[in-house]
Amino acid sequence: MKLGVNIDHVATLRQARLAKEPNLVRAAVIAEMAGAEGITIHLREDRRHIQDADVRLLRQVVSTRLNLEMAISEEIINIALEVVPDMVTLVPEKRQELTTEGGLNILDEAVRENTKAAIQRLKTKNIPISLFIDPKVEAMKVAKEIGADFVEIHTGKYADSLTEVEQKEELKHIEEATRAAKVLGLRVNAGHGLDYKNVTAIARIKDLVELNIGHSIVARAVFVGMEKAVSEMKELIDNADKA
Ligand code: PXP
């Protein structure tokens, strides 16, 4: 199973002082050297962390796979069409939220039509599209119908579970949604809220292609460095079956 490292919060630290450090390119290169198989960045409409120039620079530098997370907004779609990342993950976005709070609700007709139109535009540049959605079997069917290549299953509820029973229940939903998506011919990623303690059960789900992990890795990197933080996570994923 692959590891995609989300480096948004390296940029969060940089933007706290509107400074040049920590350097985002260095973070991406070190993460790749430590075993990351992809680099993910979210160009938010409010530009709170990643900036337009970062997207263009990382497009040149990232040698694994640049996954651009973005909301369905005219302005950001135009940037994606210009930069042509290796992959786009469409996510919902609210200005007041601290992080992406839920998946795209493609079961709602208006959201579904809007998402379908965005996929069609991005497909004019042959960009593979992933949809960040909650672990619901019905949503997997809709993702396939509207032309997604990948889904990224939102693991936030699993990560935020307060009890073991609740966590097991959420894990079951993720497993069922993954299986359903795979049968439909979708490729399946997962992410949000995954950390060094809760990643193992998710990494045991055979049909998942990639886990996208950001906050926990960047937080650990503050203390042990980016290389160690990434390689420790990679090791946990690789050894999930033995744990
Ligand atoms: N996947 C998606 C679609 C996200 O929006 C995020 C958060 O930016 C992540 C994965 C990574 O989540 P976390 O930072 O909690 O690991």
Side-chain angles (χ1 to χ4, degrees), residues 1-6 36-38 40 64-65 67 69 86-92 99-109 111-112 115-116 118-119 122-123 127-214 216 233-243:
M1 191 175 299
K2 292 180 182 169
L3 169 64
V5 176
N6 180 316
E37 283 124 330
T40 297
T64 50
R65 184 194 38 81
N67 175 21
E69 264 182 40
D86 297 306
M87 172 168 177
V88 157
T89 300
L90 296 175
V91 302
T99 181
T100 316
E101 282 167 1
L104 270 175
N105 182 17
I106 51 175
L107 296 175
D108 174 89
E109 197 181 334
V111 176
R112 179 169 66 228
T115 307
K116 187 176 172 184
I119 293 175
L122 291 161
K123 285 280 171 191
I127 304 170
I129 310 295
S130 181
L131 302 182
F132 188 45
I133 52 181
D134 294 331
K136 294 178 186 158
V137 171
E138 274 310 302
M140 305 300 141
K141 291 181 191 156
V142 174
K144 179 69 184 176
E145 273 165 28
I146 62 177
D149 305 287
F150 284 80
V151 288
E152 179 171 330
I153 294 183
H154 197 314
T155 51
K157 265 181 114 177
Y158 160 83
D160 292 341
S161 297
L162 296 175
T163 65
E164 230 174 272
V165 175
E166 199 188 321
Q167 193 168 49
K168 275 205 177 123
E169 192 60 23
E170 289 306 325
L171 186 62
K172 211 168 80 191
H173 293 151
I174 296 168
E175 286 167 343
E176 283 167 4
T178 302
R179 212 171 309 127
K182 173 97 190 291
V183 168
L184 289 163
L186 289 161
R187 307 196 76 205
V188 194
N189 298 334
H192 210 283
L194 297 178
D195 62 24
Y196 296 83
K197 288 204 179 93
N198 66 23
V199 74
T200 298
I202 299 290
R204 285 192 188 124
I205 304 175
K206 288 277 167 295
D207 292 330
L208 289 175
V209 175
E210 179 172 304
L211 302 182
N212 270 310
I213 308 179
S216 64
M233 186 60 85
K234 183 74 188 132
E235 229 167 274
L236 285 173
I237 295 170
D238 288 348
N239 295 322
D241 280 338
K242 295 177 213 149

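Just so it is clear, the structure is predicted and the values come from calculations on it, not from any experiment.
- Applying the salt bridge (Lys or Arg N to Asp or Glu O under 4.0 Å) test to D108 and every residue at least two apart in sequence or in another chain returns nothing.
- Using modelled atom types, no side-chain atom of N6 and backbone atom of N212 make a donor-acceptor pair closer than 3.5 Å.
- Taking the side chain to side chain contact (heavy atoms under 4.5 Å, CB included) definition, one finds that A118 meets it with I72, I77, L90, sequence neighbours left out.
- Partners of A143 under the side chain to side chain contact (heavy atoms under 4.5 Å, CB included) rule, at least two apart in sequence or in another chain, are I106, L131, I133, A148, V151, L186.
- Taking CG of N189 as the start and OG of S130 as the end, the distance is 5.5 Å to the nearest 0.5 Å.
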>> Pair V188, V209 - check side chain to side chain contact (heavy atoms under 4.5 Å, CB included), show working.
In response: CA-CA 6 Å; V188 194; V209 175; 5.5 Å; no
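- For G147 against K123, the heavy-atom pair with the smallest separation is O-CE, 3.9 Å.
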Using distance only, find each side-chain donor-acceptor pair of residues 233-240 under 3.5 Å and give its atom names and separation, not counting sequence neighbours.
| residue | atom | partner | partner atom | Å |
| --- | --- | --- | --- | --- |
| K234 | NZ | M1 | O | 3.3 |
| K234 | NZ | E37 | OE1 | 3.2 |
| K234 | NZ | E37 | OE2 | 3.2 |
| K234 | NZ | D238 | OD1 | 3.3 |
| N239 | OD1 | K242 | NZ | 3.1 |
| N239 | ND2 | E235 | O | 3.2 |

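- Contact record, F132 with P92: CD2-CD, 4.4 Å, taken as the closest heavy-atom pair.
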Show the atom names and distances, to 0.1 Å, of all donor-acceptor pairs under 3.5 Å that link a side chain in residues 157-167 to residues at least two apart or in another chain.
| residue | atom | partner | partner atom | Å |
| --- | --- | --- | --- | --- |
| Y158 | OH | N198 | O | 2.7 |
| S161 | OG | K157 | O | 2.9 |
| S161 | OG | Y158 | O | 3.1 |
| T163 | OG1 | E166 | N | 3.0 |
| E166 | OE1 | L162 | N | 3.4 |
| Q167 | NE2 | Y158 | O | 3.3 |

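- The side chain to side chain contact (heavy atoms under 4.5 Å, CB included) check on T64 picks up E32, I39, V62, with sequence neighbours excluded.
- Within the 3.5 Å criterion, the main-chain N or O of G4 finds no donor-acceptor partner in the side chain of T40.
- Partners of D86 under the side chain to side chain donor-acceptor pair (under 3.5 Å) rule, at least two apart in sequence or in another chain, are R59.
- Remark: the backbone N or O of E210 is not paired with any side-chain donor or acceptor of R187 at under 3.5 angstrom.
- At a threshold of 4.5 Å between non-hydrogen side-chain atoms, the residues I146 and R112 count as touching.
- The backbone N or O of K136 lies less than 3.5 Å from no partner atom in the side chain of D134, so there is not a single donor-acceptor pair.
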Anything under 3.5 Å between a donor and an acceptor, one on a side chain of residues 174-184, the other on a protein residue two or more places apart or in another chain? List them.
| residue | atom | partner | partner atom | Å |
| --- | --- | --- | --- | --- |
| T178 | OG1 | I174 | O | 2.6 |
| K182 | NZ | D207 | OD1 | 3.3 |

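- Counting heavy atoms from C-beta on, the side chains of T155 and E170 never come closer than 4.5 Å.
- Of all the heavy atoms in M140 and P135, the pair that sits closest is CE-CA, 4.2 Å.
- Taking all atoms of both residues into account, the shortest heavy-atom contact from I202 to L208 is O-CD1, 3.6 Å.
- Once rounded to the nearest 0.5 Å, the distance linking CD1 of I127 with CD1 of I119 reads 12.0 Å.
- Residues passing the side chain to side chain contact (heavy atoms under 4.5 Å, CB included) test with K206, sequence neighbours excluded: D241.
- Partners of T89 according to the side chain to side chain donor-acceptor pair (under 3.5 Å) rule, which considers only residues two or more places apart in sequence or in another chain, are N67.
- Put simply, the side chain of L3 reaches to within 4.5 Å of the side chain of I213, judged on heavy atoms.
- Every residue two or more places apart in sequence or in another chain was checked for a side chain to side chain donor-acceptor pair (under 3.5 Å) with K144, and none qualifies.
- Remark: K141 pairs with E138 by the side chain to side chain donor-acceptor pair (under 3.5 Å) rule, at least two apart or across chains.
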